[in-house]
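Scroll down for the structure; my scribbles are underneath it.
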Amino acid sequence: ALLLDGGLYHHQITTVEGKKTGGDPDTFKFFLERAWQLLTDDGRAGIIVPLGIQGSLGTTALLRLLLDHCQLGILCKLDNERYIFPGVFHGQKFDLLAFSKGGRTQNFEAAFYSWEPASVLSSFKTDPRHLTVDADLYRELSPEQYTFVELHDQREVELLRRTYRQFPRLGEKRDDT
């Protein structure tokens, strides 16, 4: 609570549909925001965090920071099943992020890997699971929460885009239906 009340961190909690969201304080969330704070405008950071930025409750404010006040370059999910990080529990998952401070994310590169050796990162751009994602897709899918969906190839990106533009979301009322 000291970190939240100290006035240094402003992207830990936000309001979604009238309710505060932020979940429990988590070190990786403070670490990510602090890395952003320490950057100069257009400064770049690369960071590895426990799976959470795209897969945990309570990261909405940080997702808004990354998409609306940064230029997210890379989001890559990894797991440790093949002991990429020796000494770390094999079931631990990680998000690798690269971003620049300032601006607004238009597109970013992504990949969601499972059971891969560390060498998969050396062929990131040529791997068939490498995606280019239009950030507005995530803004449209979940305008309040910016929920990230794991997509496995460019075909899934296009299918998701068409589906959400063609059909109403659950609970959404449209004049044409």
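Predicted, not measured: the structure shown is a model, and the values here were computed from it.
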- Task: For Tyr9 and Arg34, work out which heavy atoms get closest and say how close.
- Result: OH-CD, 3.6 Å
- Query: What's the spacing between Gln106 CD and Leu72 CG if we round to 0.5 Å?
  - Reply: 12.0 Å
- Less than 4.0 Å between a side-chain N and a carboxylate O, is that true for Arg161 and Glu158? yes
- Query: Is there a donor-acceptor pair under 3.5 Å between the side chain of Asp95 and the backbone N or O of Ile53?
  - Reply: yes
- Val149, Leu159: one ILVMFWY side-chain cluster at the under-4.5 Å cut-off? no
- Task: Start with the C-alpha distance between Thr147 and Leu141, add both sets of side-chain angles, then the distance that settles side chain to side chain contact (heavy atoms under 4.5 Å, CB included), and finish with yes or no.
- Result: CA-CA 7 Å; Thr147 303; Leu141 293 177; over 6 Å; no
- CA sep, side-chain torsions, deciding dist, call: Arg44, Phe99, side chain to side chain contact (heavy atoms under 4.5 Å, CB included): CA-CA 6 Å; Arg44 297 169 50 118; Phe99 60 91; over 6 Å; no
- Decide yes or no for Trp36 and Leu62: does some side-chain heavy atom of the first lie under 4.5 Å from some side-chain heavy atom of the second? no
- Could you check His11 against Glu33 for side chain to side chain donor-acceptor pair (under 3.5 Å), going step by step and ending with a plain yes or no? CA-CA 7 Å; His11 298 281; Glu33 185 172 350; 4.6 Å; no
- Task: Just grab all the salt bridge (charged side-chain N to carboxylate O under 4.0 Å, His left out) pairs involving residues 113-126, residues at least two apart or on different chains.
- Result: Glu109-Lys125, Glu116-Arg129
- Under the side chain to side chain contact (heavy atoms under 4.5 Å, CB included) rule, what do Thr132 and His130 come out as? Steps first, then yes or no, please. CA-CA 7 Å; Thr132 299; His130 174 267; 4.1 Å; yes
- Message: Does Arg104 have more than 12 heavy atoms from other residues, nucleotides or ligands lying within 6.0 Å of its CZ?
- Response: yes
- Heavy-atom pair with the smallest gap, counting every atom of Leu75 and Phe148: CD2-CD2, 3.3 Å
- Without swapping roles, check the side chain of Thr105 against the backbone of Leu66 for a donor-acceptor pair under 3.5 Å. yes
- Item | Student check: side-chain heavy atoms of Phe89 and Asn80 closer than 4.5 Å | no
- Among Glu156, His152, Gln154, the one residue meeting side-chain contact (heavy atoms from CB on, under 4.5 Å) with Leu131: Gln154
- Message: Would a single hydrophobic cluster contain both Tyr164 and Tyr138, if residues Ile, Leu, Val, Met, Phe, Trp and Tyr are joined by side-chain heavy-atom contacts under 4.5 Å?
- Response: yes
- Message: Would the distance check show the side chain of Gln37 and the main-chain N or O of Leu8 forming a donor-acceptor pair, the cut-off being under 3.5 Å?
- Response: yes
- Message: With a 4.5 Å cut-off on side-chain heavy-atom distances among I, L, V, M, F, W and Y, is there a chain of contacts connecting Phe31 to Leu63?
- Response: yes
- Item | Non-hydrogen side-chain atoms of Lys101 and Asp42 separated by less than 4.5 Å | no
- Connected hydrophobic set around Leu38, excluding itself, where side chains approach under 4.5 Å: none
- Message: Using modelled atom types and a 3.5 Å cut-off, is there a donor and acceptor pairing between side-chain atoms of Arg64 and backbone atoms of His69?
- Response: no
- Message: Donor-acceptor check, side chain of Asp26 to backbone of Lys29, threshold 3.5 angstrom: yes or no?
- Response: no
- Hey, what else clusters with Ile74 if you join Ile, Leu, Val, Met, Phe, Trp, Tyr whenever side-chain heavy atoms sit under 4.5 Å? Ile48, Leu78, Ile84, Phe85, Val88, Phe94, Leu96, Tyr113, Val120, Leu121, Phe124
- Query: For Asn107 and Val133, what are the C-alpha separation, side-chain angles and deciding distance, and is it a side chain to side chain contact (heavy atoms under 4.5 Å, CB included)?
  - Reply: CA-CA 5 Å; Asn107 298 300; Val133 180; over 6 Å; no
- Polar side-chain atom of Lys93 near backbone of Asp79 as donor-acceptor pair, under 3.5 Å: no
- Close side-chain approach of Gln92 to Pro50, heavy-atom, < 4.5 Å: yes
